Amino acid sequence: MNGWLARFPVRAAIGLVVPALLILWWHWRTSAQIATFAPPAAVGRALAELLHSGDLLRDTLSTLKRAFAGLAIGAPLGVAAGVAMGIWRPVDRTLGPLLHALRQVPMIGWLPLMGLWFGVGEGTELIVISMSAFFPSMLNSHAGVAQVERRYLDVGSILRFNTAQRIRFILLPAAMPLVLTGITQALAFSWIATIGTELLTGAGSGLGVAMSQAQVQQRLDVMLVVIAVTAALGFLINQIFHRLRQSLLRWQPSVQ
């Protein structure tokens with residue numbers, strides 16, 4: 001951990017090279033009036049305006065709340081379904097074809113149907129976000145349990161483990177790397193689905209709603225601020241969970 005902190009300034013500086021060049025190019029294009037685009041100064045003023053009014057904080061908190069609520073519902077259900085399908089073949093044969101067919105539909109594609117059933121609002125958005133988290137969690141958990149080596153199961157048989165003990169002491173620890181990979185993917189899909197549903201429904205508050213309103217108002221500066229905040233938050237959340245995953249799997253030498 002200390003070694004990573006020591007390397008962080010260098011890694012951060014390297015990672016900022018391309019964004020800095022992009023900002024310089026952006027400033028040149030706008031100052032030369034080569035393209036119709038909001039200059040960096042206008043975007044900075046829009047950021048200050050949104051911070052002063054509190055709109056940016058409100059929209060950010062609303063989006064984070066939706067994303068993590070959907071993740072909290074969809075990911076555990078996906079892990080449970082994946083583990084059950086990996087352990088019991090009848091469950092896999094019964095649910096597998098249906099779930100694999102449903103996951104081919106883009107999550108945003110469910111929004112019109114859910115809107116007809118439940119109306120346009122928080123409930124519909126939460127269902128779609130939860131579904132976005134469910135499928136990657138289910139697929140990776142299923143794969144993780146299915147790939148557990150036979151010798152581990154033989155040890156459980158020798159120790160006379162029941163089903164609950166096999167799941168707790170053998171299957172879940174052995175499948176944990178793929179389970180956590182699935183949750184990482186679920187986090188990314190939840191974030192994307194949250195922004196997408198907010199853009200399409202325009203209900204309540206949120207970063208996606210702010211983007212939609214900025215488009216209607218032709219506020220390109222505000223739109224760029226919201227896009228930058230969305231990207232930065234998504235990156236930060238992913239990095240935090242990546243570090244958490246490393247900590248949970250520190251007993252695995254191959255985890256970096």
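Just so you know, these numbers use all the heavy atoms, side chains as well, and skip hydrogens, waters and symmetry mates. Bear in mind the structure is a predicted one, so any value in this text is a computation, not a measurement.
A donor-acceptor contact shorter than 3.5 Å links the side chain of T63 to the backbone of L207. At least one donor-acceptor pair under 3.5 Å links the side chain of D59 to the backbone N or O of G206. Of the possible donor and acceptor atoms, one in the side chain of Q104 sits under 3.5 Å from a partner among the backbone N and O of H100.
The line from CD of Q246 to CZ of R243 is 5.0 Å long, rounded to the nearest 0.5 Å. Rounded to the nearest 0.5 Å, atoms CG (L51) and CG (L57) are 8.5 Å apart. Taking CH2 of W117 as the reference point, atom CD1 of I127 lies at 9.5 Å (rounded to 0.5 Å). Summarising the geometry, atom CD1 belonging to I240 is positioned 9.5 Å from atom CG belonging to L244; distances are rounded to the nearest 0.5 Å. Atom-to-atom distance recorded for R219:CZ and L50:CG is 7.5 Å, nearest 0.5 angstrom. Taken from CD1 in I195 to CD1 in I129, the straight-line distance is 9.0 Å, to the nearest 0.5 Å.
Side-chain contact between L187 and N238 is absent, with no heavy atoms from C-beta onward closer than 4.5 Å. By the 4.5 Å heavy-atom criterion applied to side chains, F68 and L64 are counted as neighbours. R245 places a side-chain heavy atom less than 4.5 Å from the side chain of T181. Proximity of M223 to I227: side-chain heavy atoms (C-beta onward) are separated by under 4.5 Å at one or more points. A 4.5 Å side-chain heavy-atom check between Q147 and L178 finds at least one atom pair inside the cut-off.
Put simply, L248 and I237 are part of the same group of oily side chains (I, L, V, M, F, W, Y) that touch within less than 4.5 Å, one to the next. F235 and I183 sit in two unconnected hydrophobic clusters of ILVMFWY residues. Membership requires side-chain heavy atoms under 4.5 Å apart, directly or through other members. Residues M176 and L171 fall within the same hydrophobic cluster, defined by Ile, Leu, Val, Met, Phe, Trp and Tyr side chains chained together at heavy-atom separations under 4.5 Å. By the criterion of side-chain heavy atoms lying less than 4.5 angstrom apart, applied directly or through intervening Ile, Leu, Val, Met, Phe, Trp or Tyr residues, F118 is grouped together with F134 in one hydrophobic cluster. L116 and L200 fall into different hydrophobic clusters, where Ile, Leu, Val, Met, Phe, Trp and Tyr are joined by side-chain heavy atoms under 4.5 Å apart, directly or via other members.
In the hydrophobic clustering, where aliphatic and aromatic side chains (Ile, Leu, Val, Met, Phe, Trp, Tyr) are joined below 4.5 Å either directly or transitively, F189 stands alone.
Taking each heavy atom of G144 and A175 in turn, the nearest pair found is C-CB, 3.4 Å. Heavy atoms only, all atoms of each residue included: L199 and S212 are closest at CD2-N, 3.9 Å. Pairing each heavy atom of L99 with each of F135, the nearest pair is O-CE2, 3.5 Å. In this structure, G208 and E198 approach most closely via the heavy-atom pair N-OE1, 2.8 Å. Nearest heavy atoms, I73 versus L126: CD1-CD2, 3.9 Å.
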Give the C-alpha distance, both sets of side-chain angles, the deciding distance and a yes or no for side-chain contact (heavy atoms from CB on, under 4.5 Å) between E49 and V225.
CA-CA 11 Å; E49 174 189 334; V225 169; over 6 Å; no
W191 and L71: CA distance, side-chain angles, deciding distance, side-chain contact (heavy atoms from CB on, under 4.5 Å) verdict:
CA-CA 9 Å; W191 184 249; L71 180 70; over 6 Å; no
Check the pair Q213 / V216 against side-chain contact (heavy atoms from CB on, under 4.5 Å), numbers first and verdict last.
CA-CA 5 Å; Q213 292 175 348; V216 173; 5.7 Å; no
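Among residue pairs with one or both ends in residues 119-141, those qualifying as side-chain hydrogen bond (donor to acceptor under 3.5 Å, both in side chains) are R66-E122, R66-E125, E125-T201, N140-Q185; sequence neighbours excluded.
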Taking only distance into account, with no hydrogens and no angle test, what donor-acceptor pairs under 3.5 Å do side-chain atoms of residues 77-93 form with protein atoms, sequence neighbours excluded?
none

